[in-house]
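Structure first, commentary second.
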Amino acid sequence: MPASSNFFRSPQLSQDFKEFLSTLPKEKGKDSLYRYHYQGFWYLDLLLEALISCQQHFQAEDSDVFVTSTPKCGTTWLKAIAFALLNRRRHPAASGDHPLISSNPHDLVPFLEMGLYGTSKALDIASFPSPRLLATHVPYSSLPESIRSGSKCKILYVARDLKDALVSEWHFLARAGVSDVTMAKAVEEFCEGLNIYGPFWDHVLGYWKESLENPDRVLFLKYEDMKARPAAEVRRVAEFLGCPFSAEEEEAGEVDRILELCSFEGLRGLEVNKKGKVAATRVDKSAFFRRGEVGDWKNHLSPEMGKKLDRIIEEKFSGSGLFF
């Protein structure tokens with residue numbers, strides 16, 4: 001596959017960082033891109049360089065809110081919901097000029113390791129109003145120290161059934177021009193824990209355990225619950241963020257308005273999410289919206305593949321109290 005021009009295949013690396021990479025364990029992925037092992041997880045070179053810069057320089061504030069996940073687990077949707085909830089006084093959901101109508105959720109809620117500390121240097125953190133709403137795919141144990149223990153910031157984490165997450169990531173990487181591997185090879189890679197930001201199970205369990213130990217700081221959400229009970233989950237997020245719905249808002253139907261504004265179908269249908277690229281990643285905006293359905297894996301994975309992945313998750317999640 002010819003190299004594309006997006007963030008994931010940019011050739012820009014500092015000489016010092018290249019020397020650092022040479023000291024790390026590495027494995028070639030099924031897409032022929034090397035993954036580098038750092039603090040227990042696998043990264044592409046540019047993502048790792050951005051992460052280390054973020055670890056060294058980012059300072060969290062008590063009022064910060066972070067949307068976190070493994071890739072393709074409902075990140076775009078949760079970004080939209082969090083933005084709508086935190087900004088609903090300034091931008092009522094029913095307003096015809098809401099920022100979510102004219103801007104992509106990834107531009108409104110940028111990733112730390114791509115938008116702020118990536119090679120594009122697309123954004124200036126000093127210009128962000130409080131509360132700052134940011135995102136990351138970084139595992140909990142590798143977050144900057146100021147996020148983990150140096151502040152009272154809030155973390156939203158959304159997890160998804162491994163099989164649907166795998167299928168969604170496979171489609172996304174293909175549409176983004178990063179990978180052209182077969183689905184069978186993608187399954188192999190996930191089973192080996194070599195997916196980007198993987199192993200998947202360690203990523204999920206890191207945030208799950210932290211949510212049990214510090215429920216006032218980390219809220220663990222399941223994509224499947226958000227699809228099955230969207231109103232209840234939105235209320236839960238609002239309560240956690242310290243901006244619960246008032247009785248007046250409930251009576252006025254504000255919950256339903258936010259759900260309509262942030263619905264997957266609604267976001268996917270907006271012109272702003274059909275054309276152009278997300279600034280920090282230089283990936284087509286349309287690549288972030290596919291189907292968003294629970295159980296779509298059945299259309300792409302064989303029953304044998306599904307059983308294999310289920311066995312891995314059952315083994316890895318055993319004793320954690322977490323299940324999908």
Side-chain angles (χ1 to χ4, degrees), residues 61 63-69 72-111 115 123 127-135 153-158 160 168 219-280 284-294:
E61 298 178 353
S63 58
D64 286 348
V65 175
F66 297 91
V67 174
T68 58
S69 68
K72 310 314 296 174
C73 286
T75 319
T76 309
W77 189 20
L78 185 55
K79 281 185 175 188
I81 289 171
F83 182 90
L85 287 173
L86 288 173
N87 292 282
R88 68 183 190 271
R89 299 287 186 268
R90 287 187 299 159
H91 303 293
S95 64
D97 60 350
H98 196 283
L100 282 167
I101 295 175
S102 56
S103 299
N104 182 275
H106 294 294
D107 291 331
L108 293 172
V109 187
F111 283 105
L123 298 166
S127 66
F128 277 54
S130 182
R132 302 185 304 190
L133 180 57
L134 302 164
C153 61
K154 301 276 190 176
I155 297 173
L156 298 169
Y157 186 82
V158 58
R160 189 180 190 183
S168 184
L219 179 65
F220 192 97
L221 301 159
K222 293 181 183 178
Y223 183 82
E224 293 76 13
D225 291 344
M226 292 173 65
K227 293 286 285 187
R229 303 184 297 275
E233 292 299 287
V234 164
R235 290 187 179 96
R236 187 174 165 224
V237 172
E239 188 78 31
F240 174 76
L241 294 179
C243 56
F245 291 96
S246 65
E248 292 77 14
E249 285 180 311
E250 290 281 3
E251 178 142 357
E254 188 65 16
V255 176
D256 289 337
R257 291 195 187 102
I258 286 179
L259 287 173
E260 181 179 0
L261 173 69
C262 300
S263 72
F264 185 86
E265 295 76 14
L267 292 171
R268 182 173 57 184
L270 292 172
E271 196 67 20
V272 70
N273 295 325
K274 292 180 180 180
K275 298 179 180 179
K277 298 179 184 293
V278 173
D284 289 343
K285 292 176 181 178
S286 61
F288 293 90
F289 297 91
R290 195 177 68 84
R291 300 190 67 182
E293 294 180 0
V294 173

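On a predicted model such as this, the values are computed, not experimentally measured, just so you know.
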Could you give me the CA-CA distance, side-chain angles and deciding distance for F264 and T76, then say whether side-chain contact (heavy atoms from CB on, under 4.5 Å) is met?
CA-CA 9 Å; F264 185 86; T76 309; over 6 Å; no

Audit row: M226, V158, side-chain contact (heavy atoms from CB on, under 4.5 Å) steps and yes/no:
CA-CA 9 Å; M226 292 173 65; V158 58; 3.9 Å; yes

For side-chain contact (heavy atoms from CB on, under 4.5 Å), just list the numbers for L156 and T68, CA-CA rounded to whole Å, side-chain angles, deciding distance to a tenth of an Å, and then say yes or no.
CA-CA 6 Å; L156 298 169; T68 58; 5.7 Å; no

Determine, step by step, whether V67 and I81 satisfy the side-chain contact (heavy atoms from CB on, under 4.5 Å) criterion, reporting the C-alpha distance in whole Å, the side-chain angles of both residues, the deciding distance to 0.1 Å, and the verdict.
CA-CA 10 Å; V67 174; I81 289 171; over 6 Å; no

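For the pair C73 and Y157, the minimum side-chain heavy-atom distance is 4.5 Å or more. Contact annotation: the side chain of L134 never approaches that of V65 to less than 4.5 Å [non-hydrogen atoms, C-beta and beyond]. Within the 4.5 Å cutoff, the side chain of R88 has heavy atoms near those of the L85 side chain. Residues D97 and S102 have side chains not in contact (no heavy-atom distance under 4.5 Å, counting atoms from C-beta outward). Taking 4.5 Å as the limit, some side-chain heavy atom of F245 sits within range of a side-chain heavy atom of V255.
A salt bridge between E233 and K222 is absent, with no side-chain N of the basic residue lying under 4.0 Å from a carboxylate O of the acidic one. Salt bridge absent: R229 and E224 never bring a charged side-chain N and a carboxylate O closer than 4.0 Å. Salt bridge annotation for R257-E260: absent, with no cationic side-chain nitrogen under 4.0 angstrom from a carboxylate oxygen.
Atom CZ of F66 and atom CZ of R132 lie 6.5 Å apart (nearest 0.5 Å). Once rounded to the nearest 0.5 Å, the distance linking CG of D256 with CG of L261 reads 12.5 Å. Here CG of L133 is found 9.5 Å from CG of D64. Values are rounded to the nearest 0.5 Å. For the atom pair L267 CG and K79 NZ, the distance stands at 12.5 Å (nearest 0.5 Å).
Closest approach of I258 and A84 over heavy atoms only: CG2-CB, 4.1 Å. Of all heavy-atom pairs between E61 and C153, the closest is O-CB, 3.5 Å. The two residues P92 and H98 make their nearest non-hydrogen contact at O-CD2, 3.5 Å. Nearest heavy atom pair, residue W77 against residue S263, reads NE1-CA, 4.4 Å. Of all heavy-atom pairs spanning G96 and I101, the tightest one is O-CD1, 3.6 Å. Closest approach of C262 to A80, counting heavy atoms only: SG-O, 3.4 Å.
The cationic group of K154 lies under 6.0 Å from the six-membered ring centre of F240 and within 45° of the ring axis, placing it in a cation-pi geometry.
More than 12 non-hydrogen atoms from other residues, nucleotides or ligands lie less than 6.0 angstrom from CD of E265.
In this structure, the side chain of S103 does not engage the main chain of L100 through any donor-acceptor pair within 3.5 Å.
When each of V109, N104, L108 is tested with H106 by the rule side-chain contact (heavy atoms from CB on, under 4.5 Å), just one qualifies, namely N104.
Under the 30°/60° scheme for interplanar angles, the aromatic rings of F83 and H91 are found to lie parallel.
The side-chain hydrogen bond (donor to acceptor under 3.5 Å, both in side chains) search around Y223 returns none, not counting sequence neighbours.
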